[in-house]
Amino acid sequence: MEYRPTEWDARAQQLWRDLAVYRADFPSDREPFYVLDMFPYPSGAGLHVGHPLGYIASDIVGRFMRHKGFNVLHPMGFDAFGLPAEQYAIQTGQHPAATTEANILRYREQLNRLGLGFDWSREVQTCDADYYRWTQWVFLELFNAWFNKGSARAERIETLMEHLSARGTEGLEAACHGKPECSAAEWAQMNPSEREALLQHFRLAYRSESLVNWCPELGTVLANDEVVNGLSERGGHPVVQKAMLQWSMRISAFAQRLLDGLEDLNWSDSIKETQRHWIGRSQGARIAFKVLGGLGEAGLLEVFTTRPDTIFGATFMVIAPEHPLLSQWTSMDQKADVDAYRERAARRSERERQADTKSCSGVFTGSYVEHPFTREPIPIWTSDYVLLGYGTGAVMAVPGHDSRDHALAKAMGLPIVQVVASTEPVDVQQEAFEAKSGRAMASDFLNGLSTLEAIDRAIEELQSRGLGTRTLQFRLRDAVFGRQRYWGEPIPIAYRDGVPEGLDAAELPLRLPAVDKYLPTADGQPPLARAEHWFSAEGLPLETTTMPGWAGSSWYFLRYMDPRNDRALVGRAAADYWGQVDLYVGGSEHATGHLLYSRFWTHALHDLGHIGFKEPFKRLVNQGMIQGISAFVHRIEGGKTVVSAELAGGYSTQKLHVDVSLVNERNEVDQDALKAWMPDWAETQFIPAQGPIRVEREVEKMSKSKYNVVNPDALADQHGADAVRLFEMFLGPIEQSKPWDTQGMSGVISFLKKSARMLPKRQRGKASAEELRILHHLIDKLQRDVETLSFNTSVSAMMIAVNAWSALPEIAESTLLDFAVLLEPFAPHSAEAMWAELGAQRSVVLAPYPILLPEYLVKDTVLYPVQFNGKTRFQLEMPSSASAAEVESAVLAHERTAHFLEGRTPKKIIVVPGRIANVVG
RNA sequence: GCCCAGAUGGCGGAAUUGGUAGACGCGCACGACUCAAACUCGUGUUCCUCUGGAGUGCGGGUUCGAUUCCCGCUCUGGGCACCA
């Protein structure tokens with residue numbers, strides 16, 4: 001039997017379609033297993049060999065579990081809303097839906113070419129109205145919910161309204177922003193618009209002012225990395241920090257739950273650590289300082305600090321330039337300076353402000369607070385190292401014990417006081433002493449207490465005087481949810497006299513309207529404002545911003561369970577049956593975005609009673625990146641002459657990327673092909689004029705712009721899908737980054753050929769003990785590897801087994817049938833071809849996994865390495881049953897022992913039964 | 001700066017709880033088959049001053065024994081970054 005990949009691939013794939021072998025059943029008596037890949041954004045560039053790495057690994061697990069009798073759900077879909085399609089639409093006028101559809105078609109073809117066993121009958125596309133109808137529905141659920149801190153869970157907004165009408169905000173423990181307050185009587189008096197204004201502070205989806213990078217020229221908000229030096233990355237237009245009324249999601253309410261939930265997840269430590277840091281829980285105190293001469297709400301300056309023990313070292317206050325009370329605290333003579341500073345800060349993006357740790361700037365506001373204990377006046381400054389979005393947007397500066405405060409104090413000549421004593425000599429005038437270990441000094445009633453004691457004592461004292469409270473603070477900020485874009489889910493909100501109102505669920509989906517251009521309107525409204533008729537059924541104007549990319553991807557794993565349900569986002573029975581995702585595979589770049597938001601939505605949907613679990617992904621595996629091996633030619637600067645790499649030192653050259661397909665395995669560039677590659681290279685001359693021109697190689701990220709992309713479907717057409725699958729796995733551990741070297745594929749190709757060549761050796765009789773030993777060692781290894789997704793060693797184990805079988809004169813048909821099943825998860829097309837050749841029925845995909853017989857794993861004898869002082873000198877074969885004493889005497893009796901002892905008497909002999917013997921002496 | 005992960009032949013990588021370092025594959029070399037090439041098969045392939053010695057990024061330590069554990073560094077990759 002010969003390896004015929006093209007024929008086998010097509011035939012096997014047709015068979016799978018005919019038998020619908022990858023269809024997940026529901027309802028079912030079998031145990032469910034849900035394996036999921038992070039669904040891709042279908043870009044115009046198509047897939048390169050790096051993308052399917054994770055898909056192949058999850059496919060292997062899915063196929064293995066199917067052989068083990070599980071009802072496997074392994075779906076695939078597309079995260080199809082997004083910026084690139086919109087950008088392309090702006091440039092070409094083509095509707096993003098058209099380009100997206102074309103890209104999806106290409107992706108699906110490429111994925112199918114590799115024989116990935118997805119249940120396409122469950123495919124979802126986030127831009128499909130039947131799908132985003134439910135994304136909008138989830139939005140409304142969150143809009144109509146609040147977070148009860150008392151029960152630590154999301155509840156329906158009605159329970160909040162009941163509380164408000166019974167007791168107002170009194171005794172209300174709710175996650176909110178600002179300081180919403182009212183009495184029951186006031187609530188009763190309010191008109192709908194006033195009520196809504198209050199409720200907005202509690203809803204999980206709400207509108208509030210938040211700071212954004214606004215680009216007036218483009219009429220849009222930009223992400224931090226789209227802003228370079230205060231200008232838009234595209235076009236170079238000015239960008240300003242602007243407070244905008246925007247839809248947000250109250251993820252901060254779930255901070256503690258998201259932190260606690262990490263404990264039980266089988267995720268990598270680094271991802272969990274990243275999430276913990278992102279959530280950023282810190283314990284400390286809020287302290288209110290009385291502002292001298294301040295009136296009303298400007299009478300108190302509230303700060304958050306983790307070090308209330310250093311309160312006696314606070315020599316000035318710093319507030320964020322955007323702080324709403326800044327202007328009220330600015331004196332007449334400081335107004336010009338403060339205004340100029342605030343304007344300057346607004347021009348810098350948050351990222352720039354944060355990246356710039358060297359320069360230190362700030363301006364005095366002209367007012368003072370009173371120190372709560374010493375009664376001394378303390379000046380209030382403003383500086384952009386304090387961020388409005390964290391804590392209270394204000395800090396008490398303790399330059400002796402905080403390096404940023406120290407920097408500002410030094411720059412502005414403000415006093416620096418030491419209030420924590422260190423056991424080692426420190427000079428706080430030179431450098432801040434930040435360690436949390438020491439004893440309080442120069443701090444009145446705190447003197448002599450350790451830092452931890454002093455923190456507690458300071459908080460108690462502040463609390464008893466009504467000046468402060470013990471506080472838990474999270475870094476996690478609420479997520480801005482509105483986008484000034486076209487290609488996203490419309491937000492299902494209508495406005496009645498300016499008051500937002502959720503659409504009725506019956507009105508969903510709220511379809512994306514047609515527009516003449518995918519650009520903002522002349523007066524800066526988002527593209528949806530261009531729609532001709534953008535009103536609700538009742539005739540109310542609709543929201544014009546759309547949802548962000550992460551909306552659709554935050555719950556898609558639920559939809560796969562019940563993708564065509566038109567009465568619920570997922571049927572409760574299906575959700576209960578499939579439950580959490582057993583294995584989730586994807587890139588680690590989604591560590592904080594997608595993985596945090598989808599956890600948040602899942603928690604909320606759980607609380608609101610739609611699903612029975614809180615955490616979406618039980619186990620997460622991050623696949624590493626596959627890098628490309630780029631090729632560079634050396635071209636003489638300003639000329640058209642290319643110099644072979646080994647001679648380039650003698651010239652002043654430029655290193656230029658050339659397409660890797662123009663270069664052979666000896667690193668020689670095909671000169672004619674290079675000239676034909678692009679017009680710019682047509683006239684190229686070469687040095688040396690005769691002989692090979694070599695390129696330089698470098699491992700880089702695989703990308704179109706680096707001309708180092710390798711396409712999996714092209715390789716599959718050439719060598720077969722199984723070869724691509726096996727090689728991707730053989731490359732190395734799944735989580736690791738590693739370079740792609742197509743040359744290495746020949747190893748797995750010859751393995752597949754060898755496997756096929758075993759078939760003519762088959763016999764109908766009983767399998768020999770030797771071939772069964774090989775078989776069961778292989779089963780054992782493969783089963784253990786599946787646990788850790790160590791498929792690189794699985795492939796080598798299969799190679800070892802096939803090499804061993806091939807050395808035998810004949811192989812039993814039963815052994816070959818078992819091998820076909822073992823091979824199937826990795827190389828399903830070849831396995832299917834072998835299965836058919838052996839005359840077996842239906843599909844190998846549906847065959848049960850061979851049962852491991854442990855008796856074939858035990859060996860009769862053990863080959864003991866014999867070491868002398870830790871160095872292995874010879875080997876000694878002993879029966880497996882030999883005791884340590886027997887091994888010891890056998891070693892001593894061995895003829896070579898005397899030679900290696902060189903006359904010494906052994907002091908000690910260590911025998912680890914079944915392992916090793918070591919003679920010490 | 002902080003956090004996380006990693007460093008093993010020419011290359012990708014393997015090595016149960018500490019127990020023969022370099023499995024498997026690529027590449028390379030030689031040989032067989034062939035008119036020849038491809039394919040296929042076989043042998044060898046960590047290094048060196050080679051009856052021996054050294055060796056898993058570097059320097060120490062624990063141990064009969066360390067790629068594996070501990071301490072101190074260097075480098076690479078990823079993440080976060082004035083978080084009070």
Side-chain angles (χ1 to χ4, degrees), chain A residues 2 268-278 280-282 284-285 303-307 310 318 320 350-351 353-360 383-387 389-398 401-405 407-408 473-477 588-589 591-592 622 624-625 627 629 665-666 726-727 730-733 735-751 753-754 757 784 790 792-800 803 806 863-875 906-912 914-921:
Chain A
E2 240 179 278
S268 77
D269 287 339
S270 67
I271 294 270
K272 285 198 203 179
E273 208 39 51
T274 308
Q275 291 218 343
R276 281 194 197 103
H277 181 245
W278 196 262
R281 182 184 196 264
S282 54
V303 303
F304 173 72
T305 177
T306 55
R307 295 292 303 273
T310 60
V318 187
E350 189 178 333
R351 176 156 307 179
R353 272 168 60 176
Q354 294 177 352
D356 181 10
T357 50
K358 273 158 256 128
S359 72
C360 186
S383 173
D384 64 8
Y385 74 81
V386 175
L387 308 172
Y390 187 72
T392 61
V395 301
M396 64 174 203
V398 183
H401 304 281
D402 180 280
S403 56
R404 289 150 308 141
D405 299 343
L408 187 64
Q473 187 71 45
F474 292 95
R475 202 180 84 103
L476 185 67
R477 286 184 229 168
S588 56
E589 66 272 22
T592 48
N622 297 113
M625 214 176 22
Q627 296 146 315
I629 304 180
E665 59 276 11
R666 287 183 299 281
L726 281 172
F727 189 52
F730 189 57
L731 234 37
E735 324 82 28
Q736 209 166 293
S737 290
K738 55 243 159 184
W740 179 273
D741 181 11
T742 300
Q743 233 188 126
M745 269 184 78
S746 61
V748 296
I749 295 169
S750 55
F751 160 72
K753 288 179 177 168
K754 254 188 234 176
R757 275 205 307 273
R784 281 185 287 121
S790 305
N792 52 331
T793 53
S794 298
V795 177
S796 37
M798 291 191 292
M799 288 173 168
I800 291 167
N803 286 343
S806 299
L863 205 54
Y864 278 89
V866 181
Q867 299 185 332
F868 289 80
N869 295 322
K871 289 196 173 68
T872 305
R873 296 302 185 179
F874 62 87
Q875 296 184 329
K907 287 199 197 104
K908 183 151 75 154
I909 298 177
I910 291 148
V911 175
V912 182
R915 276 281 155 72
I916 203 165
N918 189 6
V919 183
V920 186

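Remember, it's a predicted structure, so these values are computed and weren't measured experimentally. Numbered from 1 within each chain, the chains take letters A, B, ... in sequence-line order.
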message = When you measure from the side-chain N and O atoms of A/Arg404 to the phosphate of B/rC83, is any distance below 4.0 Å, counting only OP1 and OP2?
response = yes

Would you indicate what [X] reaches in the nucleic acid, counting non-hydrogen atoms under 4.0 angstrom: base, sugar-phosphate, or nothing?
{"X": "A/Asn792", "value": "sugar-phosphate"}
{"X": "A/Arg276", "value": "nothing"}
{"X": "A/Glu273", "value": "sugar-phosphate"}
{"X": "A/Val395", "value": "base"}
{"X": "A/Leu731", "value": "sugar-phosphate"}
{"X": "A/Asp269", "value": "nothing"}
{"X": "A/Gln736", "value": "sugar-phosphate"}

Flag, side chain of [X] to backbone of [Y], donor-acceptor distance under 3.5 Å:
{"X": "A/Tyr864", "Y": "A/Gly914", "answer": "yes"}
{"X": "A/Ser588", "Y": "A/Ala591", "answer": "no"}
{"X": "A/Asn918", "Y": "A/Ile910", "answer": "no"}

Can you check the distance between [N] and [M], where both ends of the measurement are the [atom1] atom (answer in whole Å)?
{"N": "B/rG18", "M": "B/rG61", "atom1": "C1'", "result": "15 Å"}
{"N": "B/rG59", "M": "B/rA66", "atom1": "P", "result": "15 Å"}
{"N": "B/rU20", "M": "B/rC26", "atom1": "C1'", "result": "25 Å"}
{"N": "B/rG19", "M": "B/rC69", "atom1": "C1'", "result": "14 Å"}
{"N": "B/rU8", "M": "B/rG57", "atom1": "C1'", "result": "10 Å"}
{"N": "B/rG44", "M": "B/rA37", "atom1": "C1'", "result": "24 Å"}
{"N": "B/rC41", "M": "B/rU34", "atom1": "C1'", "result": "13 Å"}
{"N": "B/rC73", "M": "B/rC50", "atom1": "P", "result": "40 Å"}

So which nucleotide from [options] ends up closest to the side chain of [X]?
{"X": "A/Ile916", "options": "B/rC4, B/rU20, B/rG27", "value": "B/rU20"}
{"X": "A/Thr872", "options": "B/rA21, B/rC26, B/rG19", "value": "B/rA21"}
{"X": "A/Val920", "options": "B/rC64, B/rG13, B/rA21", "value": "B/rC64"}
{"X": "A/Ser270", "options": "B/rA81, B/rC4, B/rC83", "value": "B/rC4"}
{"X": "A/Phe730", "options": "B/rG12, B/rA84, B/rC83", "value": "B/rG12"}
{"X": "A/Ser796", "options": "B/rG13, B/rA23, B/rC83", "value": "B/rA23"}
{"X": "A/Trp278", "options": "B/rG53, B/rG19, B/rC80", "value": "B/rC80"}
{"X": "A/Pro733", "options": "B/rU20, B/rG25, B/rG13", "value": "B/rG13"}
{"X": "A/Arg475", "options": "B/rC24, B/rG13, B/rC80", "value": "B/rC80"}

request  = Please report the closest heavy-atom contact between A/Leu863 and A/Pro865, naming both atoms and the distance.
outcome  = O-CD, 3.3 Å

ask   = Hey, which of these two, A/Met745 or A/Thr793, hits RNA chain B nearer its 5' end, going by closest nucleotide?
value = A/Thr793

key: Along RNA chain B (nearest heavy atom to each residue), the more 5'-positioned of A/Ile910 and A/Asn803   = A/Asn803

How many Å lie between [atom1] on [X] and [atom2] on [N], as a whole number?
{"X": "A/Asn918", "N": "B/rG18", "atom1": "CG", "atom2": "C1'", "result": "13 Å"}
{"X": "A/Arg873", "N": "B/rG65", "atom1": "CZ", "atom2": "C1'", "result": "14 Å"}
{"X": "A/Tyr864", "N": "B/rC64", "atom1": "OH", "atom2": "P", "result": "21 Å"}
{"X": "A/Leu863", "N": "B/rG19", "atom1": "CG", "atom2": "C1'", "result": "14 Å"}
{"X": "A/Gln275", "N": "B/rC4", "atom1": "CD", "atom2": "P", "result": "16 Å"}
{"X": "A/Phe727", "N": "B/rG13", "atom1": "CZ", "atom2": "C1'", "result": "11 Å"}
{"X": "A/Gln743", "N": "B/rC11", "atom1": "CD", "atom2": "C1'", "result": "10 Å"}
{"X": "A/Glu2", "N": "B/rA38", "atom1": "CD", "atom2": "P", "result": "18 Å"}

key: Protein-to-nucleotide contact annotation, 5' to 3' order, nucleotides 40-45 of chain B [B base; S sugar-phosphate only; - none; under 4.0 Å, heavy atom]   = SS----

Any donor-acceptor N/O pair under 3.5 Å between B/rU17 base and A/Arg915 side chain = yes

ask   = When only distance counts, do a donor and an acceptor, one from the side chain of A/Gln875 and one from the base of B/rU20, lie under 3.5 Å apart?
value = yes

Pairing check on [N]: which nucleotide meets the Watson-Crick or G-U wobble criteria with it, both distances under 3.5 Å?
{"N": "B/rU63", "result": "none"}
{"N": "B/rA5", "result": "B/rU76"}
{"N": "B/rA29", "result": "B/rU43"}
{"N": "B/rA21", "result": "none"}

task = Kindly assign one of parallel, tilted or perpendicular to the pair A/Phe304 and A/Tyr390, based on the angle between their ring planes and the thresholds 30° and 60°.
result = perpendicular

ask   = Given A/Val318, which of A/Val303, A/Val386, A/Asp384 fulfils the side chain to side chain contact (heavy atoms under 4.5 Å, CB included) condition?
value = A/Val386

message = Between A/Gln627 and A/Ser737, does the side-chain contact (heavy atoms from CB on, under 4.5 Å) criterion hold? Intermediate values first, please.
response = CA-CA 7 Å; A/Gln627 296 146 315; A/Ser737 290; 4.2 Å; yes

query = Between atom NE2 of A/His277 and atom CD of A/Glu273, what is the distance when rounded to the nearest 0.5 Å?
reply = 9.0 Å

note = Residues at least two apart in sequence or cross-chain that pass salt bridge (Lys or Arg N to Asp or Glu O under 4.0 Å) with A/Asp402, listed by chain then number, are A/Arg404

Test log, rule side-chain contact (heavy atoms from CB on, under 4.5 Å), inputs A/Met396 and A/Thr310 = CA-CA 9 Å; A/Met396 64 174 203; A/Thr310 60; 3.8 Å; yes

ask   = What form does the base of B/rG9 take, syn (within 90° of 0) or anti?
value = syn

